[in-house]
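Below, each value reflects all heavy atoms present in this structure, side chains not excepted, and no hydrogens, waters or symmetry copies. Proteins get letters first, then strands, A, B, ... in listed order; numbering begins at 1 in each.
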There are 2 protein chains.
Amino acid sequence: MTAPELTAAVTATYDIWMRTVDLTGPALAAHNLTQATFQALWVIDPDEPPPSMKVMAERLHCNAPNLTFMANQLVDRGLVERSVDPADRRSRVLVLTPKGRQVRAEVVEAALAGTPLAALSPSELRQLVALLNRALSPA
Amino acid sequence: MTAPELTAAVTATYDIWMRTVDLTGPALAAHNLTQATFQALWVIDPDEPPPSMKVMAERLHCNAPNLTFMANQLVDRGLVERSVDPADRRSRVLVLTPKGRQVRAEVVEAALAGTPLAALSPSELRQLVALLNRALSPA
DNA sequence: GCACGATACTTCGAGTCTCGAAACATCAGT
DNA sequence: ACTGATGTTTCGAGACTCGAAGTATCGTGC
(Lines give C-alpha, C1' and ligand atoms only; values in the text may rest on other atoms or scores of the structure.)
Protein backbone atom coordinates (compact mmCIF):
# COMPACT_ATOMS: atom_id res chain seq x y z
CA MET A 1 0.00 0.00 0.00
CA THR A 2 0.90 3.64 -0.09
CA ALA A 3 2.65 5.61 2.62
CA PRO A 4 0.22 6.96 5.20
CA GLU A 5 2.16 10.24 5.23
CA LEU A 6 1.12 10.84 1.64
CA THR A 7 -2.52 10.24 2.45
CA ALA A 8 -2.29 12.64 5.36
CA ALA A 9 -0.59 15.26 3.22
CA VAL A 10 -3.24 15.11 0.50
CA THR A 11 -6.03 15.22 3.05
CA ALA A 12 -4.48 18.18 4.84
CA THR A 13 -3.96 20.04 1.57
CA TYR A 14 -7.59 19.48 0.65
CA ASP A 15 -8.75 20.64 4.05
CA ILE A 16 -6.63 23.78 4.02
CA TRP A 17 -7.95 24.71 0.64
CA MET A 18 -11.60 24.07 1.48
CA ARG A 19 -11.34 26.10 4.67
CA THR A 20 -9.75 28.96 2.82
CA VAL A 21 -12.62 28.89 0.37
CA ASP A 22 -15.25 28.66 3.09
CA LEU A 23 -13.87 31.56 5.04
CA THR A 24 -13.60 33.74 1.98
CA GLY A 25 -17.25 33.18 1.08
CA PRO A 26 -18.77 36.13 2.94
CA ALA A 27 -16.24 38.57 1.50
CA LEU A 28 -17.04 37.31 -1.98
CA ALA A 29 -20.76 37.65 -1.49
CA ALA A 30 -20.25 41.29 -0.52
CA HIS A 31 -18.81 41.90 -3.97
CA ASN A 32 -21.33 39.72 -5.74
CA LEU A 33 -18.63 37.22 -6.67
CA THR A 34 -18.78 33.45 -6.65
CA GLN A 35 -16.02 31.01 -5.90
CA ALA A 36 -15.35 30.52 -9.60
CA THR A 37 -15.23 34.19 -10.50
CA PHE A 38 -13.01 34.84 -7.51
CA GLN A 39 -10.50 32.29 -8.73
CA ALA A 40 -10.56 33.89 -12.13
CA LEU A 41 -9.93 37.32 -10.64
CA TRP A 42 -7.17 35.94 -8.43
CA VAL A 43 -5.06 34.70 -11.33
CA ILE A 44 -5.05 38.07 -13.11
CA ASP A 45 -1.99 39.69 -11.57
CA PRO A 46 -2.26 43.46 -12.06
CA ASP A 47 1.53 43.73 -12.14
CA GLU A 48 1.96 41.39 -15.06
CA PRO A 49 0.91 41.59 -18.69
CA PRO A 50 -2.77 40.72 -19.04
CA PRO A 51 -3.27 36.99 -19.59
CA SER A 52 -4.95 35.50 -22.61
CA MET A 53 -7.88 33.13 -22.35
CA LYS A 54 -5.58 30.22 -22.99
CA VAL A 55 -3.25 31.22 -20.17
CA MET A 56 -6.19 31.75 -17.85
CA ALA A 57 -7.55 28.31 -18.68
CA GLU A 58 -4.22 26.73 -17.77
CA ARG A 59 -3.96 28.63 -14.51
CA LEU A 60 -7.50 27.74 -13.53
CA HIS A 61 -7.36 24.14 -14.75
CA CYS A 62 -10.54 24.56 -16.72
CA ASN A 63 -11.49 24.33 -20.37
CA ALA A 64 -12.07 27.06 -22.90
CA PRO A 65 -15.88 27.27 -22.91
CA ASN A 66 -15.91 27.47 -19.14
CA LEU A 67 -13.41 30.27 -19.19
CA THR A 68 -15.50 32.25 -21.65
CA PHE A 69 -18.38 31.88 -19.21
CA MET A 70 -16.34 33.15 -16.26
CA ALA A 71 -14.78 35.96 -18.25
CA ASN A 72 -18.27 37.13 -19.15
CA GLN A 73 -19.18 37.24 -15.48
CA LEU A 74 -16.21 39.46 -14.73
CA VAL A 75 -16.95 41.69 -17.70
CA ASP A 76 -20.60 41.97 -16.66
CA ARG A 77 -19.50 43.11 -13.22
CA GLY A 78 -17.21 45.73 -14.72
CA LEU A 79 -14.06 44.17 -13.28
CA VAL A 80 -12.21 43.30 -16.48
CA GLU A 81 -12.30 44.18 -20.16
CA ARG A 82 -11.66 41.99 -23.12
CA SER A 83 -8.99 43.27 -25.44
CA VAL A 84 -7.51 41.91 -28.64
CA ASP A 85 -3.87 40.91 -28.37
CA PRO A 86 -2.14 43.00 -31.06
CA ALA A 87 0.49 40.29 -31.48
CA ASP A 88 -2.10 37.64 -32.30
CA ARG A 89 -5.52 38.84 -33.24
CA ARG A 90 -7.06 35.46 -32.46
CA SER A 91 -6.17 35.89 -28.83
CA ARG A 92 -8.18 37.93 -26.32
CA VAL A 93 -6.52 39.17 -23.16
CA LEU A 94 -8.28 40.15 -19.95
CA VAL A 95 -7.38 43.56 -18.59
CA LEU A 96 -8.37 44.61 -15.08
CA THR A 97 -10.40 47.81 -14.87
CA PRO A 98 -9.64 50.24 -12.03
CA LYS A 99 -12.63 48.81 -10.19
CA GLY A 100 -11.33 45.33 -10.94
CA ARG A 101 -7.98 46.15 -9.38
CA GLN A 102 -9.60 47.46 -6.27
CA VAL A 103 -12.05 44.60 -5.85
CA ARG A 104 -9.32 42.07 -6.52
CA ALA A 105 -7.13 43.62 -3.84
CA GLU A 106 -10.00 43.47 -1.35
CA VAL A 107 -11.00 39.88 -1.90
CA VAL A 108 -7.42 38.63 -2.07
CA GLU A 109 -6.81 40.38 1.21
CA ALA A 110 -9.89 38.70 2.67
CA ALA A 111 -8.72 35.30 1.48
CA LEU A 112 -5.28 35.76 2.95
CA ALA A 113 -6.74 36.98 6.21
CA GLY A 114 -9.05 33.99 6.47
CA THR A 115 -6.85 31.12 5.37
CA PRO A 116 -5.63 28.77 8.08
CA LEU A 117 -2.15 29.27 6.64
CA ALA A 118 -2.18 32.77 8.11
CA ALA A 119 -1.51 31.12 11.48
CA LEU A 120 1.99 30.14 10.39
CA SER A 121 5.06 32.28 10.98
CA PRO A 122 6.97 33.75 8.04
CA SER A 123 9.72 31.19 8.37
CA GLU A 124 7.24 28.34 8.51
CA LEU A 125 5.56 29.73 5.42
CA ARG A 126 8.87 29.79 3.61
CA GLN A 127 9.43 26.15 4.52
CA LEU A 128 5.95 25.28 3.33
CA VAL A 129 6.32 27.12 0.05
CA ALA A 130 9.68 25.46 -0.53
CA LEU A 131 8.17 22.01 -0.01
CA LEU A 132 5.14 22.68 -2.18
CA ASN A 133 7.20 24.13 -4.98
CA ARG A 134 9.51 21.17 -4.87
CA ALA A 135 6.48 18.96 -5.37
CA LEU A 136 5.22 21.13 -8.22
CA SER A 137 8.50 21.17 -10.10
CA PRO A 138 10.49 18.07 -9.22
CA ALA A 139 14.06 19.00 -10.09
CA MET B 1 0.01 44.76 2.67
CA THR B 2 0.20 41.06 3.35
CA ALA B 3 3.31 38.92 3.36
CA PRO B 4 4.14 37.64 -0.12
CA GLU B 5 5.03 34.28 1.43
CA LEU B 6 1.42 33.84 2.45
CA THR B 7 0.21 34.58 -1.06
CA ALA B 8 2.68 32.10 -2.47
CA ALA B 9 1.63 29.46 0.03
CA VAL B 10 -2.05 29.81 -0.76
CA THR B 11 -1.37 29.75 -4.48
CA ALA B 12 0.82 26.68 -4.19
CA THR B 13 -1.77 24.89 -2.07
CA TYR B 14 -4.43 25.63 -4.64
CA ASP B 15 -2.23 24.45 -7.45
CA ILE B 16 -1.29 21.22 -5.72
CA TRP B 17 -4.90 20.44 -5.08
CA MET B 18 -6.09 21.22 -8.59
CA ARG B 19 -3.35 19.13 -10.12
CA THR B 20 -4.20 16.23 -7.88
CA VAL B 21 -7.79 16.51 -9.01
CA ASP B 22 -6.87 16.79 -12.67
CA LEU B 23 -4.61 13.78 -12.63
CA THR B 24 -7.19 11.68 -10.85
CA GLY B 25 -9.83 12.45 -13.42
CA PRO B 26 -9.20 9.54 -15.80
CA ALA B 27 -9.22 7.00 -12.96
CA LEU B 28 -12.53 8.42 -11.77
CA ALA B 29 -14.07 8.24 -15.21
CA ALA B 30 -13.16 4.57 -15.38
CA HIS B 31 -15.38 3.98 -12.35
CA ASN B 32 -18.09 6.33 -13.51
CA LEU B 33 -17.35 8.70 -10.65
CA THR B 34 -17.23 12.48 -10.67
CA GLN B 35 -15.02 14.73 -8.64
CA ALA B 36 -17.77 15.30 -6.10
CA THR B 37 -18.64 11.64 -5.63
CA PHE B 38 -14.96 10.80 -5.36
CA GLN B 39 -14.56 13.25 -2.50
CA ALA B 40 -17.55 11.73 -0.80
CA LEU B 41 -16.11 8.24 -1.17
CA TRP B 42 -12.72 9.43 0.07
CA VAL B 43 -14.01 10.63 3.41
CA ILE B 44 -15.65 7.30 4.25
CA ASP B 45 -12.81 5.50 5.99
CA PRO B 46 -13.55 1.76 5.89
CA ASP B 47 -11.62 1.29 9.14
CA GLU B 48 -13.77 3.65 11.13
CA PRO B 49 -17.41 3.58 12.16
CA PRO B 50 -19.61 4.63 9.23
CA PRO B 51 -20.18 8.40 9.22
CA SER B 52 -23.56 10.03 9.45
CA MET B 53 -24.78 12.52 6.89
CA LYS B 54 -23.99 15.32 9.28
CA VAL B 55 -20.41 14.18 9.74
CA MET B 56 -20.01 13.74 5.98
CA ALA B 57 -21.29 17.28 5.38
CA GLU B 58 -18.70 18.67 7.78
CA ARG B 59 -15.89 16.71 6.22
CA LEU B 60 -16.87 17.75 2.72
CA HIS B 61 -17.69 21.36 3.61
CA CYS B 62 -21.05 21.13 1.94
CA ASN B 63 -24.64 21.48 3.06
CA ALA B 64 -27.21 18.83 3.81
CA PRO B 65 -29.23 18.80 0.57
CA ASN B 66 -26.06 18.55 -1.44
CA LEU B 67 -24.91 15.64 0.62
CA THR B 68 -28.17 13.80 0.08
CA PHE B 69 -27.59 14.26 -3.64
CA MET B 70 -24.08 12.83 -3.52
CA ALA B 71 -25.06 10.00 -1.23
CA ASN B 72 -27.70 9.01 -3.75
CA GLN B 73 -25.08 8.87 -6.46
CA LEU B 74 -22.98 6.51 -4.41
CA VAL B 75 -25.98 4.37 -3.54
CA ASP B 76 -27.04 4.24 -7.19
CA ARG B 77 -23.58 3.00 -8.12
CA GLY B 78 -23.77 0.30 -5.47
CA LEU B 79 -20.82 1.66 -3.51
CA VAL B 80 -22.52 2.49 -0.22
CA GLU B 81 -25.73 1.68 1.62
CA ARG B 82 -27.82 3.91 3.78
CA SER B 83 -28.43 2.52 7.23
CA VAL B 84 -30.31 3.86 10.21
CA ASP B 85 -28.15 4.61 13.21
CA PRO B 86 -29.63 2.48 16.03
CA ALA B 87 -28.49 5.03 18.59
CA ASP B 88 -30.43 7.84 16.91
CA ARG B 89 -33.06 6.84 14.42
CA ARG B 90 -33.05 10.32 12.86
CA SER B 91 -29.51 9.77 11.68
CA ARG B 92 -28.50 7.83 8.55
CA VAL B 93 -25.02 6.44 8.27
CA LEU B 94 -23.26 5.52 5.06
CA VAL B 95 -21.77 2.03 4.98
CA LEU B 96 -19.35 0.96 2.26
CA THR B 97 -20.39 -2.12 0.32
CA PRO B 98 -17.69 -4.64 -0.62
CA LYS B 99 -17.66 -3.10 -4.09
CA GLY B 100 -17.45 0.31 -2.48
CA ARG B 101 -14.39 -0.71 -0.47
CA GLN B 102 -12.68 -1.98 -3.56
CA VAL B 103 -13.49 1.01 -5.75
CA ARG B 104 -12.51 3.40 -2.99
CA ALA B 105 -9.16 1.68 -2.62
CA GLU B 106 -8.55 1.92 -6.35
CA VAL B 107 -9.38 5.56 -6.79
CA VAL B 108 -7.58 6.62 -3.62
CA GLU B 109 -4.56 4.76 -4.89
CA ALA B 110 -4.87 6.57 -8.21
CA ALA B 111 -5.10 9.94 -6.49
CA LEU B 112 -2.04 9.25 -4.35
CA ALA B 113 -0.11 8.02 -7.35
CA GLY B 114 -0.97 11.12 -9.37
CA THR B 115 -0.60 13.89 -6.83
CA PRO B 116 2.47 16.10 -7.16
CA LEU B 117 3.05 15.47 -3.46
CA ALA B 118 4.11 11.93 -4.36
CA ALA B 119 7.38 13.46 -5.54
CA LEU B 120 8.38 14.28 -1.97
CA SER B 121 10.38 11.99 0.27
CA PRO B 122 8.82 10.50 3.41
CA SER B 123 10.68 12.93 5.65
CA GLU B 124 9.61 15.88 3.53
CA LEU B 125 6.04 14.66 3.70
CA ARG B 126 6.25 14.47 7.47
CA GLN B 127 7.49 18.06 7.55
CA LEU B 128 4.69 19.14 5.25
CA VAL B 129 2.00 17.37 7.25
CA ALA B 130 3.36 18.89 10.46
CA LEU B 131 3.15 22.38 8.99
CA LEU B 132 -0.31 21.93 7.55
CA ASN B 133 -1.66 20.44 10.74
CA ARG B 134 -0.21 23.30 12.72
CA ALA B 135 -2.12 25.66 10.47
CA LEU B 136 -5.31 23.62 10.83
CA SER B 137 -5.20 23.48 14.63
CA PRO B 138 -3.21 26.39 15.93
CA ALA B 139 -2.42 25.17 19.43
C1' DG C 1 -47.40 10.45 28.84
C1' DC C 2 -47.40 14.08 25.94
C1' DA C 3 -46.82 18.49 23.98
C1' DC C 4 -42.87 21.40 22.53
C1' DG C 5 -38.84 23.01 20.23
C1' DA C 6 -34.58 21.15 18.41
C1' DT C 7 -32.13 18.11 15.37
C1' DA C 8 -31.13 14.93 11.15
C1' DC C 9 -32.34 14.24 6.91
C1' DT C 10 -34.98 14.59 2.45
C1' DT C 11 -37.66 16.83 -1.28
C1' DC C 12 -38.37 20.42 -4.31
C1' DG C 13 -37.16 23.91 -7.41
C1' DA C 14 -34.23 27.33 -9.15
C1' DG C 15 -29.93 28.75 -10.05
C1' DT C 16 -24.80 28.22 -11.08
C1' DC C 17 -21.22 25.90 -13.08
C1' DT C 18 -19.07 22.55 -16.41
C1' DC C 19 -17.94 20.79 -20.73
C1' DG C 20 -18.17 18.24 -25.54
C1' DA C 21 -19.19 19.42 -30.18
C1' DA C 22 -19.51 22.62 -33.65
C1' DA C 23 -18.78 27.30 -35.47
C1' DC C 24 -15.89 31.29 -36.23
C1' DA C 25 -11.70 34.09 -36.80
C1' DT C 26 -6.98 34.37 -37.37
C1' DC C 27 -2.42 32.61 -38.04
C1' DA C 28 1.62 30.14 -40.32
C1' DG C 29 3.51 27.56 -43.88
C1' DT C 30 3.59 26.51 -48.61
C1' DA D 1 -4.45 32.14 -52.10
C1' DC D 2 -5.10 27.46 -49.99
C1' DT D 3 -4.78 24.48 -46.01
C1' DG D 4 -4.29 22.85 -41.61
C1' DA D 5 -3.56 24.46 -36.94
C1' DT D 6 -4.73 27.46 -33.10
C1' DG D 7 -7.55 30.68 -29.92
C1' DT D 8 -12.04 31.74 -28.69
C1' DT D 9 -16.99 31.67 -28.65
C1' DT D 10 -21.72 29.62 -29.07
C1' DC D 11 -24.89 26.12 -28.15
C1' DG D 12 -27.09 22.77 -25.49
C1' DA D 13 -27.20 19.29 -22.12
C1' DG D 14 -25.80 17.72 -17.96
C1' DA D 15 -23.78 18.06 -13.21
C1' DC D 16 -23.60 20.37 -9.05
C1' DT D 17 -25.20 23.66 -5.29
C1' DC D 18 -28.27 25.42 -2.07
C1' DG D 19 -32.40 27.99 0.33
C1' DA D 20 -36.90 26.89 1.83
C1' DA D 21 -40.24 23.81 3.13
C1' DG D 22 -41.50 19.07 4.66
C1' DT D 23 -40.98 14.57 7.46
C1' DA D 24 -39.26 11.79 11.22
C1' DT D 25 -37.18 11.37 15.56
C1' DC D 26 -35.21 13.02 19.78
C1' DG D 27 -35.04 15.26 24.49
C1' DT D 28 -36.96 18.16 27.86
C1' DG D 29 -40.36 20.07 30.86
C1' DC D 30 -44.69 19.64 32.54
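Residue Lys54(B) contributes atom NZ, which lies 15 Å from atom P of dA6(C) at whole-angstrom precision. Distance Arg92(A) CZ to dG7(D) P: 13 Å, rounded to the nearest Å. Distance Leu74(A) CG to dT9(D) P: 12 Å, rounded to the nearest Å. In this structure, the CG atom of Asn66(B) is 14 Å from the P atom of dT11(C), given to the nearest Å. Protein atom CG of Asp85(B) is 13 Å distant from nucleotide atom C1' of dT7(C), rounded to whole Å. Rounded to whole Å, the distance from CG on Leu28(B) to P on dT18(C) is 16 Å. As a whole-Å value, the separation of Leu67(B) CG from dT7(C) P is 19 Å. Rounding to whole angstrom units, CD of residue Gln35(A) and C1' of dC16(D) are separated by 14 Å.
Counting only distance, with no hydrogens or angles, the side chain of Thr34(A) and the backbone of Thr37(A) share a donor-acceptor pair below 3.5 Å. No donor-acceptor pair closer than 3.5 Å links the side chain of Arg134(A) to the backbone N or O of Ala130(A). Remark: side-chain polar atoms of Arg82(B) are not paired, donor with acceptor, to backbone N or O of Leu94(B) under 3.5 angstrom.
Residue Arg82(A) has a polar side-chain atom (N or O) positioned under 4.0 Å from OP1 or OP2 of dT9(D). Within the 4.0 Å cut-off from OP1 or OP2 of dC16(D), at least one side-chain nitrogen or oxygen of Thr34(B) is found.
At a threshold of 4.0 angstrom between heavy atoms, the contacts of Asn63(B) include nucleobase atoms, whether or not backbone atoms are also involved. Within 4.0 Å of Ser91(A), counting heavy atoms only, lie sugar-phosphate atoms of the nucleic acid but no base atom.
For the atom pair CZ (Arg92(A)) and CE (Met56(A)), the distance works out to 15.0 Å, reported to the nearest 0.5 Å. Taken from OG1 in Thr13(A) to CG in Leu117(B), the straight-line distance is 5.0 Å, to the nearest 0.5 Å.
Side chain of Met53(A), nearest nucleotide from dT18(C), dT9(D), dA20(D): dT9(D). Across dT18(C), dC16(D), dT8(D), the shortest atom-to-atom separation from the side chain of Ala36(A) is found for dT18(C).
Taking for each of Gln73(B) and Arg90(B) the nucleotide of DNA chain D with the nearest heavy atom, the 5'-most of the two is the partner of Gln73(B). Remark on DNA chain C: of its neighbouring residues Pro65(A) and Thr37(A), the 5'-side contact belongs to Thr37(A), judged by nearest-heavy-atom nucleotide. Mapping Arg89(A) and Phe69(B) onto DNA chain C by nearest heavy atom places Phe69(B) at the nucleotide closer to the 5' end.
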